*Asks:* 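Before anything else, here's the structure in question.
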Number of protein chains: 2
Amino acid sequence: MATLHDVAKRANVSKMTVSRAINHPGQVRPELRTNILNVMAELNYQPNAAARALVSRRTRVVKLTIFEDMDTTEPYYMMLLAGISNELNQHQYALQLATSNSYKVGECDGYILTGIREKNYAWVEQLSQPVVFFGRTYQDYDYVDTDNYQAIQDSVAYAVQCGYDNLVFVGIAVDAPFELDRERGFQDFVGENHLHSRVIRLANHGHIATDYLRQHWLEFPKNTAFICASDRLAIGIEDGIIQQGGNVPNDYGVVGFDGVFLNQIASKRLTTMKQPLEVMGRAAARLLLAKIAHPQTTEQEKIIINSRLSISESTR
Amino acid sequence: MATLHDVAKRANVSKMTVSRAINHPGQVRPELRTNILNVMAELNYQPNAAARALVSRRTRVVKLTIFEDMDTTEPYYMMLLAGISNELNQHQYALQLATSNSYKVGECDGYILTGIREKNYAWVEQLSQPVVFFGRTYQDYDYVDTDNYQAIQDSVAYAVQCGYDNLVFVGIAVDAPFELDRERGFQDFVGENHLHSRVIRLANHGHIATDYLRQHWLEFPKNTAFICASDRLAIGIEDGIIQQGGNVPNDYGVVGFDGVFLNQIASKRLTTMKQPLEVMGRAAARLLLAKIAHPQTTEQEKIIINSRLSISESTR
DNA sequence: CTGTTAGCGCCTTCAG
DNA sequence: CTGAAGGCGCTAACAG
């Protein structure tokens, strides 16, 4: 592996000049600089991350903590992970995946946090490194999220446009910002447009949605669209409709939320609000790296990324 | 953050002695050593990974490459990841997640490889760092895997014990060791026990299994058990049976394979061969770290971990 | 068994 | 704009 020293010798300059050519390009004469860059390319020079880490007192590690049972972890975390690591790789940063029981082990330069519960906030507040959340929180931390409010509005608008005239929002029974935003998006839309509507809240399990539908089947006339807060619920609803003899999508529409993996599993592929998770992962990583580089910034950063409706077989 | 120097001063020894107390305990007088350890604890000393990496010419990074579309990635990778990182964290190692388009970026001390295709072997062979595969390959690389042969035998044995007398193996139409092992496990078992049986091979998608079942429904009498090579197929089969009016589990049994996440989605929760993925991930990481520490070892290491049948609602 | 010396590769600081 | 010196925290190699 080529080092600064090798490049310097070959380019007839000192190590420092090479170092500067990389980190402070403005401080090196342009011609010299291009020459150095050429030599670097020739030698396939790669800066040594450990040496940089040592001198800059950085670990070059970012920790991603997922405060959820891995067992029940949504598959979409994989996409998120892919996005995060793609971005980190480009900056010679490595990842440390921490789970709810190991989140205190090891050093890092910053954290990407997700699935946080109330009781973890004390730990978060005491962290000295910068933090970025995946998903909005109640606190004033930086975060990356989809526009849940807008996304549900788009879903409902689409359902209405399909001609469904009874709108049901199937929410997740949890007191979290993402859920409240989605619910509010629904309420506002049906309110403004004077639509028949209803909101139900269920635990986020397919079979619970199926059971609910069985028990309340008669309350849902033809031409009902179910706007669901997750693909799990959407699949459960869809199964329930089919088991009750309902026709999807002609008499009943189903719209999911997430758009990763699960929508491929449904018997009628789900129309779903697809979150660009890879992009969101990258954004979270980029934001965190920026904060690591410039820790002084004080204002809260919010990155809102738009979801896109992926239309499939569960709506007409 | 405390350094070797701080500990040394406080313990009235040189840095080297402290270093040795950590890395070569045998070379330090026992009493001195315990004293040093105490001081380390007092100061909450954590060795600086970057400095170690620099001097030992290691990166302290392990790369995990997943040669699959993240989009269709099985959710169980999350469990695998959890296992790997739990083990790495304990050894001050970080992770670098590489996907099929970024697998050449960055340095590392070793690789955990999965989802490899024929065309990637050239790249693998040219790697200078140690490699561990997740899942057996055709080549003589070290690997961690479940005992696919045994697992399917157990599945069939259980189905027989349930009283199903027509056994159908629903395999994945792919020419891979894991699949051939599973198929062989099935064939050997039904052969030795002179059972009615049949093997079909399908692309690994739920709806394809459902379609297949619809088209061939009449060929499957009551008392048939479907032993599936994946939970996706199992869910598809189960859906198909139910749509044809068949009774699960009374008249038809379904057994899946994997046991992560998907089995929770099925309308009748799947009986499935549950792979201990967290454990497998840890094992892979541990094996790799051992190879990094002792690169000379030449013999192929195979770690085979047993799966366990998780009995649920899709068998009687 | 313990200490001293030197250096891993890079960057900050200070001279030129 | 460029170079020389020194040190980040740790450990291998050699003295004692």
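Values reported hereafter were calculated over all heavy atoms of this structure, with side chains retained and with hydrogens, waters and symmetry mates removed. Being a predicted model, the structure only gives us computed values, none of them experimental. Residue numbers begin at 1 in each chain, while the letters A, B, ... track the order of the sequences.
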*Asks:* Looking at C:dG9, I'd like to know if its phosphate oxygens (OP1 or OP2) sit under 4.0 Å from a side-chain N or O belonging to A:Thr3.
*Replies:* no
*Asks:* Identify, between A:Pro30 and B:Tyr45, the residue whose nearest nucleotide on DNA chain D lies closer to the 5' end.
*Replies:* A:Pro30
*Asks:* Tell me the interatomic distance from B:Lys15, atom NZ, to D:dT11, atom P, rounded to whole angstroms.
*Replies:* 10 Å
*Asks:* Are OP1 or OP2 of C:dT2 and a side-chain N or O of B:Arg29 less than 4.0 angstrom apart?
*Replies:* yes
*Asks:* Please determine, for the side chain of B:Leu54, which listed nucleotide (D:dG9, C:dC10, C:dT4) has the closest atom?
*Replies:* D:dG9
*Asks:* Taking only the side-chain heavy atoms of B:Val55 (C-beta and beyond), determine which of C:dC8, C:dT2, C:dT12 contains the nearest atom.
*Replies:* C:dC8
*Asks:* Please determine whether a side-chain nitrogen or oxygen atom of B:Ser19 lies at a distance below 4.0 Å from atom OP1 or OP2 of D:dT11.
*Replies:* yes
*Asks:* Please state whether the rings of A:Trp123 and A:Tyr111 are parallel, tilted or perpendicular, taking 30° and 60° as the class boundaries.
*Replies:* perpendicular
*Asks:* Give A:Val28 one of three labels, base, sugar-phosphate or nothing, depending on what nucleic acid heavy atoms sit under 4.0 Å from its own.
*Replies:* sugar-phosphate
*Asks:* Measure the OG1-OH distance between A:Thr3 and A:Tyr45 for me, rounded to the nearest 0.5 Å.
*Replies:* 7.0 Å
*Asks:* Using whole Å, what does the distance between atom C1' of nucleotide C:dG9 and atom CZ of B:Arg58 come to?
*Replies:* 17 Å
*Asks:* Between D:dA13, D:dT2, C:dC10, which one does the side chain of B:Met16 approach most closely?
*Replies:* D:dA13
*Asks:* Closer than 4.0 angstrom, basic N to acidic O: yes or no for A:Glu301 and A:Lys291?
*Replies:* no
*Asks:* Taking CG from B:Asn23 and P from D:dA13, how many angstroms apart are they, rounded to a whole number?
*Replies:* 13 Å
*Asks:* Measure from CE on B:Met40 to P on D:dG9 and round the result to the nearest Å.
*Replies:* 16 Å
*Asks:* Taking the side chain as every heavy atom from C-beta outward, state whether B:Tyr143 and B:Ile304 have any pair of such atoms under 4.5 Å apart.
*Replies:* yes
*Asks:* Ignoring hydrogens and angles, are the base of C:dG9 and the side chain of B:Arg57 linked by a donor-acceptor pair under 3.5 Å?
*Replies:* no
*Asks:* What are the two closest non-hydrogen atoms of B:Thr146 and B:Pro276, and how far apart are they?
*Replies:* CG2-CD, 4.4 Å
*Asks:* Counting C-beta onward and ignoring hydrogens, is there a side-chain heavy-atom pair between A:Thr59 and A:Gln96 closer than 4.5 Å?
*Replies:* no
*Asks:* Check the distance between C:dT4's P and B:His5's NE2 and give it to me in whole angstrom.
*Replies:* 12 Å
*Asks:* Return the nearest nucleotide to the side chain of B:Leu4; candidates are D:dT11, D:dG9, C:dC10.
*Replies:* D:dT11
*Asks:* Starting at atom CD1 of A:Ile36, determine the distance to atom P of D:dT2, rounded to an integer number of angstrom.
*Replies:* 8 Å
*Asks:* Taking the nucleotide of DNA chain C with the nearest heavy atom to each, does B:Ser56 or B:Thr17 sit closer to the 5' end?
*Replies:* B:Thr17
*Asks:* In whole angstrom, give the distance that lies between atom CZ of B:Arg20 and atom P of D:dA12.
*Replies:* 10 Å
*Asks:* Is A:Asn48 close enough to C:dC8 that one of its side-chain N or O atoms is under 4.0 Å from OP1 or OP2 there?
*Replies:* no
*Asks:* Measure from CZ on A:Arg52 to P on D:dC10 and round the result to the nearest Å.
*Replies:* 21 Å
*Asks:* Among C:dC8, C:dG3, C:dC11, find the nucleotide with the atom closest to the side chain of B:Ser14.
*Replies:* C:dG3
